[in-house]
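So you know, we letter chains A, B, ... as the sequences are listed, proteins then strands, and number each from 1.
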2 protein chains.
Amino acid sequence: MNDKSSNISKRRRTARAKDSADYVAKRAEVLGAAATLFKQQGFHSTRLVDVAREAGLDRATIYYYAGSKEELLQDIVGGVLDTAIAAAQELGADVTLTGMQRLHQIFVILMTSYEENYPATFVYIQEQMHQVGVQETEWAKAILKRTRLFDRMLIDFIKEGIEEGDLRSDIPPRLHENALFGMLNWTHRWFVPGGGLTGRQVAETFWSIYTGGALTDSGRKKICTSDPVLSVVNG
Amino acid sequence: MNDKSSNISKRRRTARAKDSADYVAKRAEVLGAAATLFKQQGFHSTRLVDVAREAGLDRATIYYYAGSKEELLQDIVGGVLDTAIAAAQELGADVTLTGMQRLHQIFVILMTSYEENYPATFVYIQEQMHQVGVQETEWAKAILKRTRLFDRMLIDFIKEGIEEGDLRSDIPPRLHENALFGMLNWTHRWFVPGGGLTGRQVAETFWSIYTGGALTDSGRKKICTSDPVLSVVNG
DNA sequence: ATCAACGTCAACGTCGGCGTTGACGAACTT
DNA sequence: AAGTTCGTCAACGCCGACGTTGACGTTGAT
């Protein structure tokens, strides 16, 4: 007997190093169970014993697949930003596109990615990973940095839309962004894949509201609110 | 000496019964400190020792003003729904109003109340009080019930707007509501009273986007997305 | 001067949840 | 058949946060 072998973290490391299909699959199952509960009850309210029950395992077995509760969270929300940023960068690099086209594309891409990665992305949104003060870890800082980067890219698209004369200039870019993000990110409270609506449908519907408004033609004649809004309220 | 007098919960009860101005004021201060931290870090992540420090007291002193951490939360978010529901009922009772007028009113009322009750209402939004599974307490059930009631009233206003021909009928009422609520409730992530924009300004801006869209006139000519959206995506 | 009430706080009991240990059967190896 | 690896789990230590205790100055009433 080697003196210090049966240590769970070592067992986990070796298992992870072998990278067998079985192990990876079961690990994904555990992550899935955790993601489901994190989304349902929030990260802090979720007990590891619940995750274990959801996955059909003992709580201790969780540690064979993940080193800590934090690690579960990080692995769940780890990649969600990268795809979004990559997509935005690609759109930004395509010089043939207008700001509005870029904005529309990124909007649809985000919503469909929310759907595909369900519920991982919604956990990311719910847990407010971008908030300072959650933790001062390197990982948290990296997330925050990438979030800011994505924010800046979106704002740039919006500014393009304004400069190109398509988007109303009486609304500050930040409010454009918050309106857009609001409709989109609020989906984490109600959207469920397979619930009658696809992510694509939701995205296109919200985009059409954002661009053209929710009024009918006759409604638009009755209710006219296209004046510069902020100055109206100010004056 | 009476055998069981110096009991903190009794002291609290008698103090609360007396209802002195001092006590009420200090209690409000404690609630305010808690609300600030609950909004910043979330309910579960906030330690009572932090609340105490924020209020400039010892942790034990908190219990002279509130019986538990839960009580703090409940008292913070307790009344936020009632005012909203009362406003909606008042609007619903006024037979001279159209659906759109009701919707506009409630939208502005909600946003300004978010501002006035800051940060209490944002704590309510953030902590997802409406979610089942948070707790099975009577209080939680009551909150859930009132949330549903408010939801139904909003949906009714939207249906009126559709039936009166003002709102687009190609978008299901639920999506109208989610778009509206999305823009509005997402403010809990970025809106800070005194940060350059009033709640009223935000509400009117978002309302104008919701009704008229974010496009300029020239943008509207270039980008036409007012067709029935869902069927387009489906077909 | 005395006493009660008030606001406060150091110190304690308690408990729930995290992460680890060490061992047990099953399956696969040699 | 003996050994090894794999997945699993009963049991433990530990810590941090909640809620309570009991007592201390201070203030105001008698």
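Counting to the nearest Å, the P atom of C/dC15 and the CG atom of B/Leu48 are 19 Å from each other. When the C1' atom of D/dT21 is taken as reference, atom CG of B/Asp58 falls 13 Å away, rounded to whole Å. Rounded to an integer number of Å, the gap from A/Asp50 CG to C/dG16 C1' is 12 Å. Whole-Å rounding puts the A/Asp19 CG to D/dC6 P distance at 13 Å. The nearest whole Å value for the distance from the CD1 atom in A/Ile8 to the P atom in C/dC24 is 16 Å. As rounded to whole Å, 14 Å separates atom P of D/dT20 from atom CZ of B/Arg11. Here the P atom of nucleotide C/dA5 and the NZ atom of B/Lys10 are 13 Å apart, to the nearest Å. Look at CD on A/Glu70: it is 14 Å from C1' on C/dG17, rounded to the nearest Å.
Relative ring orientation between B/Phe150 and B/Phe181 is described as tilted, the plane-to-plane angle lying within the 30° to 60° band. The aromatic rings of A/Phe122 and A/Tyr118 stand perpendicular to each other, their planes meeting at an angle above 60°, with 30° marking the opposite boundary.
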When you look at B/Asp151 and B/Arg174, which way does the salt bridge (Lys or Arg N to Asp or Glu O under 4.0 Å) test go after all the steps? CA-CA 10 Å; B/Asp151 257 33; B/Arg174 257 252 119 65; 3.5 Å; yes

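Taking 4.0 angstrom as the limit, A/Lys18 places none of its side-chain polar atoms (N or O) nearer than this to OP1 or OP2 of D/dT5. For D/dT8, the OP1/OP2 oxygens have a side-chain nitrogen or oxygen of A/Lys26 closer than 4.0 Å.
For the residue pair B/Tyr124/B/His188, the side-chain donor-acceptor check at 3.5 Å is not satisfied.
Here the closest non-hydrogen pair linking B/His176 and B/Ile158 is CB-CG2, 3.7 Å.
The residues A/Asp94 and A/Arg102 are annotated as not salt-bridged, no charged nitrogen and carboxylate oxygen being separated by less than 4.0 angstrom.
With the nearest nucleotide of DNA chain C identified for both A/Ser9 and A/Arg47, A/Arg47 has the one nearer the 5' end.
Listed by residue number, A/Arg59, A/Ala60, A/Tyr63 are the residues of residues 59-67 of chain A with a heavy-atom contact under 4.0 Å to DNA chain C.
The one candidate from B/Leu48, B/Asp50, B/Leu72, B/Val123 that meets the side chain to side chain contact (heavy atoms under 4.5 Å, CB included) condition with B/Leu37 is B/Asp50.
Residue B/Ser68 is in sugar-phosphate contact alone, with no base atom involved, counting any heavy-atom pair closer than 4.0 Å across all strands shown.
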